[in-house]
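Structure first, then comments.
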Amino acid sequence: MVFSMLEERRGRFFATPLSGITNDKSTGEVFMTSISRRGFGGLFGASALGLAMPSLAFGAVPKVVVIGGGAGGATAARYIAKDSKGAIDVTLVEASKRYYTCFFSNLYLGGFRDYDSIGHGYDQLAANHRVNVVHEWASSVDNAGKMVKLASGGTLSYDKLVLSPGISLKYDSVPGYSPALQSRMPHAWTSGTQVQLLQNQVMNMRKGGVFVMVPPPNPYRCPPGPYERVSMIAHLLKQHNPTAKIIILDPKAKFSKQGLFMAGWEKHYSGMVEWIDPETHGGIKSINGDTMEFVTDLDTFKADAASVVPAQRAGSIAMAAGVTDGDWAPIIPATMASKADPNIYVLGDASVASSMPKSGFSANSQAKVAANAIRGELTGSRVYDPRFANTCWSLIATNDGVKVGANYKAGSEKIDVVDKFVSQGGESADLRKTTYEESVGWYNGITSDMFS
């Protein structure tokens with residue numbers, strides 16, 4: 001299904017044909033909703049982007065295709081289209097008609113948000129900024145011909161291509177885990193409904209049952225995410241199944257914000273959460289999906305419910321485009337351009353962004369840097385010194401929020417940390433509540449920055 005650009009005629013919106021698509025069977029369709037937030041767009045990244053851009057006097061309007069409609073892709077499409085003021089034709093390719101953010105999905109899991117609150121559509125992005133939104137899968141990239149092939153058989157030509165495809169999962173990194181087991185032991189680590197399934201399984205555990213969490217090895221999307229997930233599941237169990245137990249079988253010897261999480265678990269969920277490091281459990285040897293058993297060198301753990309998050313790599317379209325080196329895509333720090341192809345930019349989780357973690361905030365920040373660089377190259381507009389930022393917030397219990405973050409600059413070979421910060425142990429309840437409220441404001445801001 002192809003969602004086209006919007007045209008207003010006598011007060012009504014109609015779909016207009018998509019430029020650059022050579023599929024005669026494509027259709028146009030748009031859904032309208034309302035999202036309105038302000039203030040986030042100018043906070044981070046190369047975001048002195050509201051200045052008037054020079055128009056092209058001669059020749060065809062250059063085309064930018066963006067693949068992936070998450071924090072990186074949607075932001076890049078919006079800023080390239082908005083700030084080029086028609087000087088660049090922007091097409092966003094995203095299979096999902098409604099995008100459910102991975103960030104804040106743990107808060108849904110813990111009962112702090114409803115599911116609809118983390119879902120967002122693309123209608124305002126299309127209507128407000130004349131972005132062509134194509135709801136299809138991108139299947140391959142012809143680098144030499146500067147062409148994206150769609151799963152339907154259609155094609156999109158480009159002058160610049162932005163890849164923000166997120167992650168693919170390496171299921172076999174956990175012995176015995178597979179796509180067939182993801183309904184029994186949901187990873188819930190990509191956009192979609194698995195987090196609903198996981199919440200239902202937790203709520204239906206037997207009294208005094210065991211939940212097993214298997215985090216992924218580094219590097220992976222959202223470093224504090226598995227441990228916030230444990231916190232949110234513990235929050236549910238404390239209310240509905242207080243004698244239940246959570247076992248974390250971690251492949252890592254340490255993890256992000258470890259001291260803060262472990263102190264929080266002891267404070268709020270004493271005796272419920274047990275973290276077992278790889279030296280102690282010796283590694284997972286096998287998983288039996290029928291019996292829900294996890295076999296390690298230490299013991300066999302039988303779960304009533306479980307979440308297994310395997311190792312990760314760049315989304316498959318990045319592999320197909322030939323911009324990866326191993327599992328991830330190296331980039332030029334100042335522009336986020338691929339080191340393998342100067343006409344392709346790689347954002348967010350799929351990229352090798354040095355010190356920056358794989359997070360929604362990072363992807364949004366990188367998207368603004370890339371948008372500025374792309375507009376400069378295609379229209380001759382001013383390119384600003386790149387600036388990057390990231391903060392990862394985590395909720396441990398009601399109003400007990402913690403965070404870690406940094407500001408960054410582009411070095412010649414990597415993105416370097418300028419300064420960093422992290423919540424401290426022993427902070428007051430008021431400060432922890434303020435940190436949580438700050439995260440809610442950030443969520444409202446970034447989703448407006450992506451979709452409105």
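Numbering of residues begins at 1 and proceeds along the displayed sequence.
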For this session: Rounded to the nearest 0.5 Å, what's the gap from CD1 on Ile317 to NZ on Lys149? Could you check?
Result: 11.5 Å

Exercise. Do the non-hydrogen side-chain atoms of Gln312 and Lys358 ever get within less than 4.5 Å of each other?
Worked result: no

Exercise. Do the side chains of Pro216 and Pro310 get nearer than 4.5 Å, heavy atoms only?
Worked result: no

For this session: Sort out for me which residue in Phe361, Phe112, Tyr443 forms a ring-ring contact (aromatic ring centres under 6.0 Å, His included) with Phe104.
Result: Tyr443

For this session: Not counting sequence neighbours, which residues clear side-chain contact (heavy atoms from CB on, under 4.5 Å) with Ser231? List them please.
Result: Phe261, Trp265, Ile396

Exercise. Okay, side chain of Glu136, backbone of Ser152: is any donor-acceptor separation there less than 3.5 Å?
Worked result: yes

Exercise. Would a distance-only check, ignoring hydrogens and angles, find a side-chain to backbone donor-acceptor pair under 3.5 Å from Gln366 to Leu347?
Worked result: no

Exercise. Do Asn364 side-chain atoms and Gly72 backbone N/O form a donor-acceptor pair below 3.5 Å?
Worked result: no

Problem set entry | Donor on one side chain, acceptor on other, Ser307 and Arg229, under 3.5 Å | yes

For this session: State whether Tyr79 and Lys82 meet the cation-pi test: NZ (Lys) or CZ (Arg) under 6.0 Å from the six-membered ring centroid, and within 45° of the perpendicular axis.
Result: yes

Seminar exercise, completed: The reported gap from CG in Asp416 to CG in Asn407 (rounded to nearest 0.5 angstrom) is 13.0 Å

For this session: State which residue, out of Asn343, Val66, Val141, fulfils the side-chain contact (heavy atoms from CB on, under 4.5 Å) condition with Leu161.
Result: Val141

Exercise. Do Ser164 and Tyr345 meet the criterion of a side-chain donor-acceptor pair at a distance under 3.5 Å?
Worked result: no

Problem set entry | Donor on one side chain, acceptor on other, Arg113 and Ser117, under 3.5 Å | yes

Problem set entry | Check ion pair Lys368-Asp449 (N to O, under 4.0 angstrom) | yes

Exercise. In terms of side-chain heavy atoms, does Thr296 have a donor or acceptor partner in Lys285 at a distance below 3.5 Å?
Worked result: no

For this session: Using distance alone, with no hydrogens and no angle criterion, decide if Tyr227 and Gln258 have a side-chain donor and acceptor under 3.5 Å apart.
Result: no

For this session: For the residue pair Tyr99 and Tyr122, categorise the inter-ring angle as parallel (less than 30°), tilted (30 to 60°) or perpendicular (more than 60°).
Result: perpendicular

For this session: Indicate, with yes or no, if the rings of Tyr100 and Tyr115 have centres closer together than 6.0 Å.
Result: yes

Exercise. Less than 6.0 Å separating the ring centroids of Phe103 and Trp442?
Worked result: yes

Exercise. Under the 3.5 angstrom rule, does the side chain of His129 hit a backbone N or O of Ala81 as a donor-acceptor pair?
Worked result: no

